[in-house]
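The next block holds one structure in the form of structure tokens; read it before the comments.
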Amino acid sequence: NTRLFQNHIVRKEIPLAPIWDFHTLNEEDEKQEKFQMIVPACWESNPKLSSYKGKALYSQKITFGGNVRIVFKGVSHTAHVYLNKKQIAYHYNAYTEFSVVLKDIPYGEHLLEVKVDNTFHDESALHVSNDYYSYGGITRPVVLEQLDELFIKNVHFIPRWENDQWKASVRAMLHNLTNEEKSVTLKINIGEEEIAFADTVLPPNKETRVEGVFAFPSATTYSLDNPTLYKMDAWLIHEGSVIDDKIDRVGFREVHVRGKDILMNGEKVIIKGVNRHEDYAEFGCSVPLEAMYRDIEIIKSLGANCIRTSHYPNDDRFLDLCDENGILVWEESHARGLNEEQMKHKNFDKQSSDCIQEMIDNHINHPSIFVWGILNECVSNTEFGRSCYAKQFEQIKRLDPSRPVSFASLEAHIGADLCLDLVDIVSFNIYPKWYHDTPVTESLTNLKKFIHNSDGANKPILISEIGAGGIYGYRSNTKEKWTEDYQQIALREQLTSILEDKDLSGVILWQYADCRVDSGWFHGRPKTQNNKGIVDIYRREKLAFQTVKDIFQMKAE
Ligand code: ADA
């Protein structure tokens with residue numbers, strides 16, 4: 001399942017076998033070695049492919065016909081999709097969903113093939129050698145759906161509190177695959193309310209948007225203590241029968257900033273969060289549901305209330321778990337540490353805007369998401385960089401004006417950042433006690449001084465990263481860097497100083513768990529991992545874990 005609840009009752013799913021035929025390919029796309037491969041999974045889960053960077057072909061014969069939609073929740077990272085040898089889709093970026101709709105397919109057996117590439121090829125602007133690993137394969141679920149000739153593409157829900165009650169703007173995209181005009185009714189049930197878009201005319205071969213604002217007088221508020229979720233059940237009715245449906249989940253909550261505070265439903269929240277990469281020991285980025293569940297339970301046990309999806313959109317099921325558990329999510333579009341030359345890559349603009357579009361289109365209904373983030377530690381200190389930040393924030397605000405936006409800037413940009421006027425929340429990644437030995441309070445004073453005299457003045461300030469490396473199992477009386485002992489000492493000073501500082505809205509520590517990094521990053525990254533996790537790649541607790549827990553729980557009281 002691609003979600004943690006039932007998605008459709010009316011729309012049928014055509015089952016796919018989890019095992020696909022798989023061949024590695026050479027530069028010329030000629031088949032090399034043959035394997036069987038599980039979907040979803042990273043191909044690195046096969047020991048022969050544990051460091052394979054290259055291309056591969058997945059294939060499966062499937063019996064179906066009529067109108068179908070094939071949904072790929074994530075392919076890492078470049079995909080060409082073929083049906084009976086004819087290309088039907090292309091997609092770039094491991095971390096966002098894409099789909100293809102096929103019309104009038106004759107009933108019978110068809111060959112579905114997916115060519116996957118995880119090299120840092122010339123067309124790739126966002127997947128570059130980096131401080132995390134770009135795995136290979138069909139890493140998130142694939143679904144094949146049987147469609148009627150009319151179907152619901154999506155339903156977007158944006159709640160707001162107005163005149164002492166919950167309202168929501170609801171907009172749906174309906175698709176007519178036929179050559180004739182059709183008239184339909186869309187009914188949507190949310191809690192006790194039923195809303196309807198009656199007798200809507202759908203022009204042939206097109207998508208049509210319907211929207212409205214509705215009141216939900218009896219809705220219970222979604223809060224972190226009481227994360228109440230509602231089923232949003234949409235039914236498409238044509239000539240008296242229900243021909244399609246789509247079920248999602250929503251919550252009634254609002255996030256705002258007021259002055260230097262972040263407010264959830266009008267109440268101030270202090271962020272105590274962790275940065276998390278989708279990476280788990282042998283599973284790589286294709287984290288199985290039980291391991292996601294485990295992460296959520298471990299993070300909850302810390303007393304944390306927030307996760308930042310550094311540095312890309314996450315699996316829908318992980319966001320579902322955050323929704324259920326009342327964990328705030330900073331969801332981030334894909335990009336980490338790109339310099340100006342990398343941001344001038346011919347595909348940077350398109351790949352970034354596709355990523356933002358797909359992230360928001362697919363995740364807008366998750367009540368846990370409280371911030372949209374972009375461009376972690378990119379060149380927010382140059383005019384060209386600024387134009388990229390401005391363009392991306394504009395796109396986000398167009399797609400979803402309801403959530404605050406931010407980006408994580410870096411220490412080197414203190415005194416030089418040009419983008420702080422563009423954000424709702426000013427966020428900085430700082431590393432006192434790790435990359436330099438400045439006392440944390442002194443670092444914070446410098447940072448606040450700069451922000452105070454910048455266009456970011458009087459906005460909430462978040463420390464979006466802070467942390468220190470600690471190699472699991474390495475303890476020493478010397479308590480020097482890379483020992484678990486030092487990591488514990490550093491995190492204690494870092495977190496305490498931030499949470500005691502009344503000018504700050506909180507901290508998202510770097511990072512929850514160790515993660516694999518690209519081989520180009522081995523230097524300064526023992527074991528070719530980013531070792532700043534408070535648990536290791538297997539989720540074994542380091543000394544700092546208990547310290548973070550003590551601090552987060554103390555500050556909760
Ligand atoms: C940066 C970056 C992270 C990670 C971290 C570190 O701030 O955003 O991805 O690389 O530094 O470990 O140095």
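All figures in this text were calculated on a predicted structure; none of them were measured in a lab. Atom set for the values below is all heavy atoms of this structure, side chains included, hydrogens, waters and symmetry mates excluded.
A donor-acceptor contact shorter than 3.5 Å links the side chain of His277 to the backbone of Ser310. Ser169 places no side-chain N or O within donor-acceptor distance of the main-chain N or O of Val213, the cut-off being under 3.5 Å. No donor-acceptor pair under 3.5 Å is formed between the side chain of Gln146 and the backbone N or O of Arg11. Side-chain atoms of Ser183 never come within 3.5 Å of backbone atoms of Asp199 as a donor-acceptor pair (strictly under, hydrogens ignored). Without hydrogens or angle criteria, Asp320 side chain to Glu324 main chain gives no donor-acceptor distance under 3.5 Å. Asp117 contributes a side-chain N or O that, together with a main-chain N or O of Thr119, makes up a donor-acceptor pair within less than 3.5 Å. Panel note: side chain Glu278, backbone Asp315; a donor-acceptor pair is recorded below 3.5 Å. A donor-acceptor pair under 3.5 Å links the side-chain atoms of Asn84 to the main chain of Leu111, judged by distance alone. His8 places no side-chain N or O within 3.5 Å of a backbone atom of Val10 that could act as its donor or acceptor partner.
Shown here is Lys167, whose NZ atom has more than 12 heavy atoms of other residues, nucleotides or ligands within 6.0 Å. Under a cut-off of 6.0 angstrom, the local environment of NZ in Lys391 is sparse, with at most 12 non-hydrogen atoms contributed by other residues, nucleotides or ligands. Shown here is Lys346, whose NZ atom has more than 12 heavy atoms of other residues, nucleotides or ligands within 6.0 Å. Within 6.0 Å of atom CG in Asp29, more than 12 heavy atoms from other residues, nucleotides or ligands are found, so the atom counts as buried in its surroundings. Few gaps surround NZ on Lys103; more than 12 heavy atoms of other groups in view lie less than 6.0 Å from it. Within 6.0 Å of CD on Glu192 lie no more than 12 heavy atoms contributed by other residues, nucleotides or ligands. By the 6.0 Å contact criterion, NZ on Lys300 is enclosed, its count of non-hydrogen atoms from other residues, nucleotides or ligands being greater than 12. Atom OH of Tyr82 has more than 12 heavy atoms from other residues, nucleotides or ligands within 6.0 Å.
For the 3.5 Å distance criterion, the side chains of His80 and Gln87 fail to qualify, holding no donor opposite an acceptor. Counting only N and O atoms by type, the side chains of Ser134 and Asn118 include no donor and acceptor under 3.5 Å apart. Counted by atom type alone, Asn179 and Asn205 present one or more donor-acceptor pairs between their side chains at under 3.5 Å. Side-chain contact annotation: Asp316 with His366, donor-acceptor N/O pair under 3.5 Å present. No side-chain N or O of Thr63 forms a donor-acceptor pair with one of His110 less than 3.5 Å apart. There is no side-chain donor-acceptor pair under 3.5 Å between Asn265 and Glu254. Using modelled atom types, one finds no donor on one side chain facing an acceptor on the other under 3.5 Å when comparing Asp225 with Ser223. Side-chain contact, Glu358 with Thr96: a donor N or O sits under 3.5 Å from an acceptor N or O. When only modelled atom types and interatomic distance are considered, Ser406 and Ser427 share a side-chain donor-acceptor pair under 3.5 Å.
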Kindly determine whether Glu207 and Lys153 satisfy salt bridge (charged side-chain N to carboxylate O under 4.0 Å, His left out), including the steps that lead there. CA-CA 8 Å; Glu207 282 173 9; Lys153 191 177 164 207; 3.3 Å; yes
After noting the C-alpha distance and the side-chain angles of Ile158 and Asp400, does the key distance pass the side chain to side chain contact (heavy atoms under 4.5 Å, CB included) rule? CA-CA 8 Å; Ile158 299 180; Asp400 177 11; 3.8 Å; yes
Verdict with reasoning, Arg209 to Glu211, per salt bridge (charged side-chain N to carboxylate O under 4.0 Å, His left out): CA-CA 7 Å; Arg209 175 164 153 162; Glu211 60 191 316; 3.3 Å; yes
Apply the test side chain to side chain contact (heavy atoms under 4.5 Å, CB included) to residues Val250 and Leu229: give CA-CA distance (whole Å), side-chain angles for both, the deciding distance (0.1 Å), then the verdict. CA-CA 6 Å; Val250 297; Leu229 293 168; over 6 Å; no
Run the numbers on Glu331 and Arg308 for salt bridge (charged side-chain N to carboxylate O under 4.0 Å, His left out), then give the verdict. CA-CA 6 Å; Glu331 179 148 76; Arg308 172 169 172 242; over 6 Å; no
Ile247 vs Met232, test: side chain to side chain contact (heavy atoms under 4.5 Å, CB included). Steps then yes/no. CA-CA 6 Å; Ile247 305 170; Met232 178 169 75; over 6 Å; no
What verdict does the side chain to side chain donor-acceptor pair (under 3.5 Å) test give for Trp166 and Thr221, after you've listed the backbone C-alpha separation in whole Å, the side-chain angles of each residue and the deciding distance to 0.1 Å? CA-CA 8 Å; Trp166 284 111; Thr221 300; 2.9 Å; yes
Run the numbers on Tyr230 and Phe216 for ring-ring contact (aromatic ring centres under 6.0 Å, His included), then give the verdict. CA-CA 12 Å; Tyr230 285 91; Phe216 296 85; 8.3 Å; no
Please test Asp279 against Tyr132 for side chain to side chain contact (heavy atoms under 4.5 Å, CB included), starting from the C-alpha separation and ending with a verdict. CA-CA 9 Å; Asp279 195 353; Tyr132 55 92; over 6 Å; no
Checking salt bridge (charged side-chain N to carboxylate O under 4.0 Å, His left out) for the pair Arg386/Asp421: CA distance, chi angles, key distance, verdict? CA-CA 10 Å; Arg386 183 185 153 81; Asp421 61 319; 2.7 Å; yes
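Ring geometry for His127 versus His77: interplanar angle under 30°, hence parallel rather than tilted (30 to 60°). Between Phe151 and His175, the ring planes lie parallel to each other; the angle is under 30°, not in the 30° to 60° tilted range. Between Tyr95 and Tyr312, the ring planes lie parallel to each other; the angle is under 30°, not in the 30° to 60° tilted range. Between Trp43 and Tyr58, the angle of the ring planes stays under 30°, which puts this pair in the parallel group of the 30/60° scheme.
Residues Asp148 and Asn67 form no side-chain contact, since every pair of their non-hydrogen atoms from C-beta on lies 4.5 Å or further apart. In this structure, the side chains of Leu462 and Val426 stay at 4.5 Å or more apart for every pair of heavy atoms.
The pair Glu97-Arg140 fails the salt-bridge criterion, with no side-chain N (NZ, NE, NH1 or NH2) lying under 4.0 Å from an Asp/Glu carboxylate O. Salt-bridge check for Lys397 with Asp424: passed, with a basic side-chain N closer than 4.0 Å to an acidic carboxylate O. Taking the charged nitrogens against the carboxylate oxygens, Lys182 and Glu180 do have a contact shorter than 4.0 Å, which makes a salt bridge.
Annotation: Tyr107 is not in aromatic contact with Phe64 [ring centroid separation under 6.0 Å not met]. A distance of 6.0 Å or more separates the ring centres of Phe252 and Phe214. Note: Tyr90 and Phe98 fail the aromatic proximity criterion, with ring centroids not under 6.0 Å apart.
Applying the side chain to side chain contact (heavy atoms under 4.5 Å, CB included) test to Gln395 and every residue at least two apart in sequence or in another chain returns Ser353, Ile356, Gln357, Arg398, Leu399.
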